[in-house]
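Sequence lines set the chain letters: A, B, ... in the order given, protein chains first and strands last, and positions in each chain run from 1.
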Number of protein chains: 2
Amino acid sequence: MELDERKLKILQAIIRTYLDTGEPVGSRTISKYSELNLSSATIRNEMADLEEMGYILQPHTSAGRIPSDKGYRLYVDTMMEAKESEVNSLKEELEEKAGRVDDVLKQVAKFLAANTNYATMVSGPKYQSKRVKFIQITSVDEEHLLAVIVLDNNSVKNQMIRVDEAVEAEVLLKLNFILNTTLNGLDVVEMNLALIQRIKEQMETHTQVIDSVLEVIGKTLLENDDPEIYTSGTTNILKYPELADKSKAAEIISAFEDKETFHSWLGLSDREMGNDTHDIQVYIGDENNVASMRDCSMVTATYQIREGVYGKIGIVGPKRMDYDKVVGTLNSLMGQLDDIFKEK
Amino acid sequence: MELDERKLKILQAIIRTYLDTGEPVGSRTISKYSELNLSSATIRNEMADLEEMGYILQPHTSAGRIPSDKGYRLYVDTMMEAKESEVNSLKEELEEKAGRVDDVLKQVAKFLAANTNYATMVSGPKYQSKRVKFIQITSVDEEHLLAVIVLDNNSVKNQMIRVDEAVEAEVLLKLNFILNTTLNGLDVVEMNLALIQRIKEQMETHTQVIDSVLEVIGKTLLENDDPEIYTSGTTNILKYPELADKSKAAEIISAFEDKETFHSWLGLSDREMGNDTHDIQVYIGDENNVASMRDCSMVTATYQIREGVYGKIGIVGPKRMDYDKVVGTLNSLMGQLDDIFKEK
DNA sequence: GTTAGCACTCATCAGAGTGGAGTGCTAATT
DNA sequence: AATTAGCACTCCACTCTGATGAGTGCTAAC
């Protein structure tokens with residue numbers, strides 16, 4: 001059986017109507033759908049075909065049809081018309097409070113949730129490499145040294161080090177010099193025993209201090225810095241009857257609360273990144289690789305703060321989410337985010 | 001009318017039973033309650049009195065009674081017997097991953113949620129004063145200075161500063177000396193124009209750099225550092241039918257998501273702190289000053305990391321939460337937390 | 001003061017009946 | 001050959017009903 005133009009039109013009509021109403025749509029409804037002047041009986045025959053082909057389902061005999069995942073997929077791939085929705089207000093809102101990047105992202109999550117009525121998730125930017133650019137050890141008071149480490153992405157880490165007795169200024173000076181010349185440009189895995197031995201030899205004395213210092217450097221570099229994840233509007237899930245079932249809703253909302261769920265998912269996209277578009281993707285039902293979202297759809301987009309520093313935005317809703325609007329909103333938003341980050 | 005011993009016993013029996021079952025308890029149930037050998041008719045009379053006094057309510061005629069807020073309050077104040085519950089497993093769990101303080105707190109939130117089946121919230125420690133202990137400006141590369149500021153609570157802040165041209169080492173040396181001598185021990189409000197003018201005069205040149213540096217220092221000190229708030233188990237709310245109503249549940253869960261709700265509430269406790277106990281408090285229904293929690297009870301405790309550095313733990317559940325267990329668990333937990341923080 | 005007994009109230013549940021939306025099939029129409 | 005009208009049928013959703021049972025308040029007896 002072939003998916004001719006008429007079938008496509010009918011399928012589209014079914015999906016559009018279902019997205020609107022959330023209720024199974026019957027043949028008569030479609031028959032009245034202006035464009036195609038067909039009787040309900042004809043539609044019924046076509047619907048039977050569409051069902052056989054797997055694009056639509058019947059919740060039970062004598063009910064209307066609803067789109068299947070396959071149907072949604074076809075819709076998203078070929079029939080969607082992204083609505084150019086306006087997100088002007090966002091920019092204004094942001095300009096005011098535009099503090100640090102994470103403030104912006106928090107706002108974005110909130111804004112999207114409020115505007116779409118779905119649950120949203122925004123990951124903080126993910127930096128890739130972790131090479132040391134600059135290290136400095138300073139004496140803060142008699143008992144504390146402060147280690148400051150700047151990485152090549154200009155992110156800064158610091159850590160207090162407790163010492164038993166004050167360390168003299170010239171020792172620190174020497175230590176700093178050695179650390180910087182030896183470790184500069186290195187990744188944590190490149191800091192091997194040989195290097196460490198060399199540092200110790202050069203310093204001759206104060207091995208205890210050096211030990212703590214090196215330990216701190218290692219720890220700091222290894223420190224997991226999974227990007228922060230900001231969520232908003234998770235309770236919007238409860239607005240959609242097909243998800244509001246207690247156990248389902250709990251599962252989904254928990255996934256948002258326990259943000260680690262998203263880390264695995266964020267990791268995946270590392271390799272597929274690259275094309276310069278904002279890379280908007282739609283995952284329908286089982287296409288989500290997070291099990292608890294099997295009854296949802298998720299639309300994601302990738303934003304870029306600068307070369308090599310990117311993050312993700314995700315919108316989660318029922319399968320019958322308004323894809324056109326969501327994709328439109330994201331599209332428009334991404335443009336604005338680009339502007340905002342360019343200014344910084 | 002007086003609240004004699006028998007009435008108290010009956011009230012206690014009603015509340016205990018209701019906490020257990022969650023269903024209105026009738027006179028016959030209480031009559032069978034071993035200790036007091038009274039017929040249901042007698043109980044009924046007493047119940048009528050208790051209702052008149054406002055300790056219990058009838059959801060509708062011909063239903064059993066449920067405790068009123070006033071009843072719960074009486075129970076919590078005078079009849080509760082904190083169960084010494086074991087939270088040994090926590091300590092073990094923590095020892096392993098005992099990384100930074102915030103990791104510990106995150107774990108605590110999770111642990112409590114899992115163990116109590118209520119929603120939990122743990123605020124990060126709140127530092128009180130914000131005096132500068134140490135400032136250092138360093139040159140990272142040609143275009144970037146790095147400002148590191150250590151506060152008197154040993155927390156460290158840092159911020160990159162972009163400059164147009166490299167700043168020479170001796171200038172930085174001088175700047176650091178001046179900044180430290182001038183600003184040391186000061187609060188942000190004490191850094192007035194006169195001081196700033198003095199710094200500028202001493203430096204003579206490089207006013208532009210100084211301007212940015214001072215701006216950064218000011219911003220950094222003012223930066224809101226409302227403590228982080230970790231939540232867990234918010235979806236537990238859905239387990240309690242009296243809260244699982246969609247709009248109620250959404251309100252409560254949103255409050256947890258939008259953590260700012262708790263900030264106002266955390267602030268309040270500033271003044272009432274001080275007694276050396278762990279200060280466990282129970283807020284029932286309308287006693288919560290967060291409106292969205294009017295149908296919940298919340299049990300809070302205060303932990304202390306060290307002198308003057310404390311945070312809060314909150315457990316939110318239905319009014320018929322198991323106060324005995326929750327208070328017991330918190331009590332035991334607080335002891336363990338003390339140990340853990342002492343080690344650090 | 002306590003209790004047994006009784007009439008009464010009200011929520012909950014199961015079953016029956018109804019209406020409506022929608023289908024699939026067949027026969028008639030174009 | 002494709003389309004349509006018509007009809008019997010299915011199934012959900014809703015309402016109404018009566019039965020059940022838990023629980024009460026009151027009265028009169030103990």
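Between the C1' atom of D/dT4 and the CD1 atom of A/Ile30 lies a distance of 18 Å, rounded to the nearest Å. Rounded to an integer number of Å, the gap from CZ of A/Arg44 to P of C/dT26 is 14 Å. Atoms CG (B/Asn45) and C1' (C/dG1) sit 10 Å apart, rounded to a whole Å. Between the P atom of D/dA2 and the CD1 atom of A/Ile43 lies a distance of 16 Å, rounded to the nearest Å. Between B/Arg6 atom CZ and C/dT3 atom P the separation is 8 Å, expressed in whole Å. C/dG1 atom P lies 11 Å from atom CG of B/Asp4, rounded to whole Å. Atom CG of B/Leu57 and atom C1' of D/dG23 are 16 Å apart (whole Å). Atom CD in A/Gln58 sits about 8 Å away from atom C1' in C/dG22, given to the nearest Å.
Comment: A/Glu51 does not engage A/Arg44 in a salt bridge, judged by the lack of any side-chain N to carboxylate O separation of less than 4.0 angstrom. A salt bridge links A/Glu251 and A/Arg294; the closest N-O separation between the charged side-chain nitrogens and carboxylate oxygens is under 4.0 Å. Looking at B/Asp69 and B/Arg73, no side-chain N of the basic residue comes within less than 4.0 Å of a carboxylate O on the acidic one, giving no salt bridge. Salt bridge status for A/Asp20 with A/Arg320: absent, with no side-chain N to carboxylate O gap under 4.0 Å.
With distances taken from any side-chain atom of B/Thr29 to the nucleotides D/dT4, C/dT3, D/dG23, the minimum falls on D/dG23. Closest approach to the A/Ser27 side chain among C/dT23, D/dT3, D/dC12 is made by C/dT23 (side chain taken as heavy atoms from C-beta onward).
End-to-end axis angle for the helix from C/dG1-D/dC30 to C/dT30-D/dA1, using five pairs per end and rounding to 10°, comes out at 20°.
Without hydrogens or angle criteria, A/Thr21 side chain to A/Thr17 main chain gives a donor-acceptor distance under 3.5 Å. Judged by distance alone, the side chain of A/Asn115 and the main-chain N or O of A/Leu112 form no donor-acceptor pair under 3.5 Å.
As judged by a 4.0 angstrom heavy-atom cut-off over every strand, B/Thr61 is placed among residues touching the sugar-phosphate backbone only. Within the 4.0 angstrom heavy-atom criterion, base atoms lie near A/Ala41.
Closest-nucleotide positions on DNA chain C for B/Glu46 and A/Arg28 were compared, and the one nearer the 5' end corresponds to B/Glu46.
Between the base of D/dT10 and the side chain of A/Ser62 there is a donor-acceptor pair shorter than 3.5 Å.
A tilted orientation is assigned to the rings of A/Tyr18 and A/Tyr72, their planes being inclined by 30° to 60°.
In this model, the phosphate group of D/dA22 is not approached by any side-chain N or O of B/Arg65 to a distance below 4.0 Å at OP1 or OP2.
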